[in-house]
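Take a look at the structure below.
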Amino acid sequence: MTILIVGLGNPGPQYASTRHNAGVMVIDELLTRVLPMPAQLSAHKKTNTEIAELAAGRLVANDQVVLARTRSFMNLSGGPVKALMDYFRVQPKDLYVVYDELDLDLGEVKLRVGGGDHGHNGLKSVTKAVGDTYNKLAVGIGRPPGRMAPADYVLKPFAAKEQIEITIAAANAADEVLRQLG
């Protein structure tokens, strides 16, 4: 069986440390936990993604795991996620999508199966492409301050004092998905 874990985010260095890339930060954390040595992502042109294919035992005892991030923008995540599922023959129950969540405080982590997209355009795109019975791992980024538009807020980098909290949140999210996978 293959487990697919996809971190949602936007491509390019200008978005690397933004709130919208919290899902990618979790993938980066998982890559550091691969044994016997950390893994790296490489381009998978057939699916417009970057992936690390991990044999059983490298991250999870009994299952092959594919860690991935899309190379498309957040709002177009569904196509690449569906392409990965088709390529690796992954069922929705074995798909974990990691994303940023405005409705959770910075650093909170929540795993759920199915449910709505909470207005998250990346989840909307994935759900449209694959249905809604997949696993959703939310990483809290908090609400925007004052009257700042959510679209502007998610594209802002984390403040220096928030860097520690998001690093811990990425580690906690990695722990949560690994605990779920046994």
Side-chain angles (χ1 to χ4, degrees), residues 1-11 20-72 74 76-101 104 108-118 120 122-140 166-182:
M1 181 169 65
T2 300
I3 305 294
L4 175 59
I5 306 171
V6 181
L8 298 187
N10 285 319
H20 231 7
N21 275 33
V24 171
M25 293 172 191
V26 175
I27 296 299
D28 291 343
E29 172 66 23
L30 286 166
L31 289 167
T32 68
R33 297 181 182 202
V34 175
L35 297 174
M37 65 180 97
Q40 294 182 337
L41 297 172
S42 59
H44 193 255
K45 293 179 183 169
K46 291 182 180 182
T47 60
N48 194 29
T49 61
E50 294 175 333
I51 66 167
E53 284 185 76
L54 309 172
R58 291 203 61 206
L59 187 63
V60 176
N62 299 317
D63 298 311
Q64 175 185 358
V65 175
V66 176
L67 299 176
R69 65 180 175 206
T70 64
R71 294 195 302 177
S72 62
M74 178 70 78
L76 303 173
S77 298
V81 171
K82 174 73 169 131
L84 280 168
M85 290 178 70
D86 291 346
Y87 186 85
F88 289 103
R89 297 185 187 106
V90 173
Q91 299 302 310
K93 69 178 181 56
D94 299 318
L95 170 64
Y96 290 79
V97 175
V98 190
Y99 67 99
D100 59 289
E101 177 59 67
L104 292 177
E108 282 188 68
V109 174
K110 183 176 181 181
L111 179 64
R112 63 189 169 95
V113 177
D117 55 46
H118 297 167
H120 192 286
L123 285 184
K124 245 181 236 181
S125 178
V126 173
T127 298
K128 184 176 180 183
V130 306
D132 70 348
T133 58
Y134 60 95
N135 300 280
K136 298 170 183 159
L137 182 58
V139 178
I166 195 61
T167 300
I168 292 169
N172 289 342
D175 290 345
E176 181 64 26
V177 76
L178 293 176
R179 190 170 24 257
Q180 181 73 23
L181 295 174

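Everything numeric here is computed off the predicted structure, so don't read it as measured data.
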Can you name the residues that form a side-chain hydrogen bond (donor to acceptor under 3.5 Å, both in side chains) with [X], not counting sequence neighbours?
X: Lys124; result: none
X: Asp100; result: His20, His120
X: Thr47; result: His44, Thr49

Would you please name every residue forming a side-chain contact (heavy atoms from CB on, under 4.5 Å) with [X], sequence neighbours left out?
X: Gln91; answer: Lys93, Asp94
X: Glu101; answer: Tyr99, Asp103, Leu104, His118, Ala138
X: Asp28; answer: Val24, Leu31, Arg69
X: Ala68; answer: Leu4, Val6, Ile51, Leu84

For residues [X] and [Y], report the shortest heavy-atom separation together with the two atoms involved.
X: Glu29; Y: Ala170; result: CG-O, 3.9 Å
X: Pro80; Y: Thr70; result: CB-CG2, 3.8 Å
X: Ala174; Y: Val26; result: N-CG1, 4.1 Å
X: Ala129; Y: Gly79; result: CB-N, 4.4 Å

Euclidean distance, [Y] [atom2] relative to [X] [atom1], rounded to 0.5 Å:
X: Asn10; Y: Ser77; atom1: CG; atom2: OG; result: 8.0 Å
X: Asp117; Y: Lys128; atom1: CG; atom2: NZ; result: 12.0 Å
X: Glu53; Y: Leu67; atom1: CD; atom2: CG; result: 10.5 Å
X: Met74; Y: Leu8; atom1: CE; atom2: CG; result: 5.0 Å

Minimum side-chain heavy-atom gap [X]-[Y] below 4.5 Å:
X: Ile166; Y: Val139; result: yes
X: Leu30; Y: Val98; result: no
X: Pro92; Y: Val130; result: no

Using modelled atom types only, decide if a donor and an acceptor are shared between the side chain of Asp63 and the backbone of Thr2 within a distance under 3.5 Å. no
Listed once per pair and sorted, the salt bridge (charged side-chain N to carboxylate O under 4.0 Å, His left out) pairs that draw on residues 168-177, sequence neighbours left out: Arg33-Asp175, Glu176-Arg179
Any pair counted as salt bridge (charged side-chain N to carboxylate O under 4.0 Å, His left out), so long as it reaches residues 35-47, sequence neighbours left out: none
Partners meeting ring-ring contact (aromatic ring centres under 6.0 Å, His included) with Tyr96 (sequence neighbours left out): none
Per-pair distances, 0.1 Å, donor-acceptor, side chain in residues 54-61, under 3.5 Å, sequence neighbours excluded:
{"from": "Arg58", "atom 1": "NE", "to": "Leu35", "atom 2": "O", "distance (Å)": "2.9"}
{"from": "Arg58", "atom 1": "NH2", "to": "Met37", "atom 2": "O", "distance (Å)": "3.3"}

Looking at residues at least two apart in the chain, or sitting in another chain, which of them share a salt bridge (charged side-chain N to carboxylate O under 4.0 Å, His left out) with Asp132? none
Counting only heavy atoms from other residues, nucleotides and ligands, does the tally under 6.0 Å from CZ of Arg89 exceed 12? no
